[in-house]
Q: 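Can you keep this structure in mind? I'll have questions shortly.
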2 protein chains.
Amino acid sequence: MKTYTISEVAKELNLTVYTLRYYDKEGLMPFVERTPNGTRRFKESDIDALRIIECLKSTAMPIKEIKNFIDWCSDGDSTLQQRYDMFMDRKAIVEAQIEELKKQMEVIEHKCNYYKTALEAGTEDIHKNDKMVISTT
Amino acid sequence: MKTYTISEVAKELNLTVYTLRYYDKEGLMPFVERTPNGTRRFKESDIDALRIIECLKSTAMPIKEIKNFIDWCSDGDSTLQQRYDMFMDRKAIVEAQIEELKKQMEVIEHKCNYYKTALEAGTEDIHKNDKMVISTT
DNA sequence: TTAATCCTTAGAGTTAACTCTAGGTCAATA
DNA sequence: TATTGACCTAGAGTTAACTCTAAGGATTAA
């Protein structure tokens, strides 16, 4: 079975070897095996697991919470409910994050228009009489 | 003209007084006036500016970059182009953030289904023969 | 065999963004 | 008048997530 070194995995996942070792230190990679002299040997399935870790991280889950999930995975079928609940919770959190960004996007688009108009006029004074309303045109 | 104390503003914006003083220290609030004895007096327009700061912060803009924007605002019409460009850049960044979250959402929903099925079966073994594909059903 | 280039660990250093403490001022109230 | 509870500053402490250094081990290439 093909395996990969830490630097190959780092390159593949766009991480540094430092970061991967840090994750290991934090208990996020208990599944990675070692050669007799201690070198980490990553399997394809380990890289898949790291992709899930990266997915959770990209939704702002703290490393300690990701570790809970990894621990549950090691504990087997008795933790299926926790893992299901965790992903359902995360789904709700990510939905909220998307909604929040969409809300801020409106503010930003408003500002884009504000500065476009000001640029065309050569001065911000053009907006002197604007109502302080952000969600309307 | 009505003004507000730092604790009133903190409550309104769901921040701590520590955070507001920290922002001030970092140069994000050069516009806030003081009473003769040094107490900050926030105007409505100051609170509006803080809302924009919070908007930028919620899209993960570092405080140092937000400070650039605040400095440009103090510099007047000569920086209109920079400010326009900044909001256009931010718009693209937030669009990318939303796309990224939507992509991760698919992974999370896949995992929700995975664990739902496993829970119903009582074991993760039900997925033993699954293809390692995440984007399909 | 010697140099280069991987890999390892322990632990120190960095950065951002707070978060808090100590010591002080000032205005209102018991 | 004394105390309470706002406010202030300077600066120290915290936390998360890296990021790097030092010192050393194994493998390959000349």
Side-chain angles (χ1 to χ4, degrees), chain A residues 2-43 46-47 50-70 90 93 97 100 104, chain B residues 2-43 46-47 50-70 90 93 97 100 104:
Chain A
K2 181 149 175 34
T3 60
Y4 305 85
T5 65
I6 195 163
S7 57
E8 286 167 339
V9 176
K11 196 170 185 182
E12 171 70 20
L13 299 179
N14 253 295
L15 295 170
T16 67
V17 293
Y18 302 134
T19 303
L20 284 171
R21 292 203 191 102
Y22 166 69
Y23 287 177
D24 200 5
K25 218 184 276 187
E26 293 299 304
L28 261 42
M29 296 151 48
F31 40 73
V32 175
E33 288 170 9
R34 306 285 188 119
T35 61
N37 71 66
T39 300
R40 275 168 276 245
R41 286 283 153 211
F42 292 78
K43 301 181 289 299
D46 297 344
I47 298 175
L50 279 165
R51 282 190 224 275
I52 296 298
I53 288 169
E54 286 308 286
C55 167
L56 293 172
K57 205 163 60 85
S58 75
T59 69
M61 183 182 276
I63 280 172
K64 278 180 186 169
E65 267 179 66
I66 300 177
K67 182 179 164 15
N68 289 341
F69 168 64
I70 297 296
R90 192 74 346 213
I93 287 167
Q97 286 172 343
E100 170 70 9
Q104 304 307 347
Chain B
K2 183 149 176 31
T3 61
Y4 303 84
T5 65
I6 195 165
S7 57
E8 286 167 339
V9 175
K11 196 169 185 184
E12 173 69 21
L13 300 179
N14 252 297
L15 296 169
T16 67
V17 293
Y18 301 135
T19 303
L20 283 172
R21 291 202 192 103
Y22 166 69
Y23 287 176
D24 200 5
K25 217 185 277 188
E26 293 300 304
L28 261 43
M29 294 151 48
F31 41 73
V32 175
E33 287 169 11
R34 307 285 188 120
T35 61
N37 71 69
T39 299
R40 274 169 275 247
R41 286 285 152 208
F42 293 79
K43 301 181 288 300
D46 298 343
I47 298 175
L50 280 165
R51 281 190 225 277
I52 295 299
I53 289 170
E54 286 308 286
C55 167
L56 294 172
K57 206 164 59 83
S58 75
T59 69
M61 182 181 276
I63 279 172
K64 279 181 185 168
E65 266 179 67
I66 299 178
K67 182 179 165 15
N68 289 342
F69 167 65
I70 296 295
R90 191 75 346 211
I93 287 167
Q97 286 172 343
E100 169 70 8
Q104 304 307 346

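Here is how names work: the chains are called A, B, and so on, in the same order as the sequence lines, proteins then strands, and each is numbered from 1.
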Q: Rounded to the nearest Å, what distance is computed from the CD atom of residue A/Glu26 to the P atom of nucleotide D/dT19?
A: 14 Å
Q: So, does A/Gln97 use its side chain to make a donor-acceptor pair with the main chain of A/Thr59 at under 3.5 Å?
A: yes
Q: Any protein N or O atoms within reach of nucleotides 6-10 of chain D? Criterion: under 3.5 Å, listing atom names and distances.
A:
residue	atom	partner	partner atom	Å
D/dC7	OP1	B/Thr5	OG1	3.3
D/dC7	OP1	B/Ser7	N	3.3
D/dC7	OP1	B/Ser7	OG	2.5
D/dC8	OP1	B/Arg40	N	3.1
D/dC8	OP1	B/Arg40	NE	2.9
D/dC8	OP2	B/Arg21	NE	3.0
D/dC8	OP2	B/Arg21	NH2	2.9
D/dC8	O3'	B/Arg34	NH1	3.4
D/dT9	OP1	B/Arg34	NH1	3.1
D/dT9	OP1	B/Arg34	NH2	3.0
D/dT9	OP2	B/Arg40	NH2	2.7

Q: Please enumerate all protein N or O atoms sitting under 3.5 Å from an N or O of nucleotides 14-17 of chain D, with distances to 0.1 Å.
A:
residue	atom	partner	partner atom	Å
D/dA17	OP2	A/Ile63	N	3.3

Q: How long is the line joining CE of A/Met29 and P of D/dC18, in whole Å?
A: 13 Å
Q: Any side-chain heavy atom of A/Lys67 sitting closer than 4.5 Å to one from A/Glu26?
A: no
Q: Figure out the CZ/C1' separation between A/Arg41 and D/dT27, and round it to whole Å.
A: 11 Å
Q: Using a strict cut-off of less than 4.0 Å between a Lys/Arg side-chain nitrogen and an Asp/Glu carboxylate oxygen, indicate whether B/Lys57 and B/Glu54 qualify as a salt bridge.
A: yes
Q: I want to check something: taking the side chain as every heavy atom from C-beta on, are B/Leu28 and B/Ile66 in contact at a cut-off of under 4.5 Å?
A: yes
Q: Any donor-acceptor pair under 3.5 Å linking the side chain of A/Arg40 with the backbone of A/Asp24?
A: no
Q: Please give, in whole Å, the distance from D/dC18 C1' to A/Leu28 CG?
A: 13 Å
Q: With sequence neighbours excluded, tell me which residues meet side chain to side chain donor-acceptor pair (under 3.5 Å) with A/Gln104.
A: A/Glu100
Q: With a 4.5 Å limit on heavy-atom distance, are the side chains of A/Asp46 and A/Thr3 in contact?
A: no
Q: Check for a donor-acceptor pair, side chain of B/Glu65 on one end and backbone N or O of B/Pro62 on the other, with a separation under 3.5 Å.
A: no
Q: Between C1' on C/dA12 and OH on A/Tyr18, what's the gap in Å once rounded to a whole number?
A: 13 Å
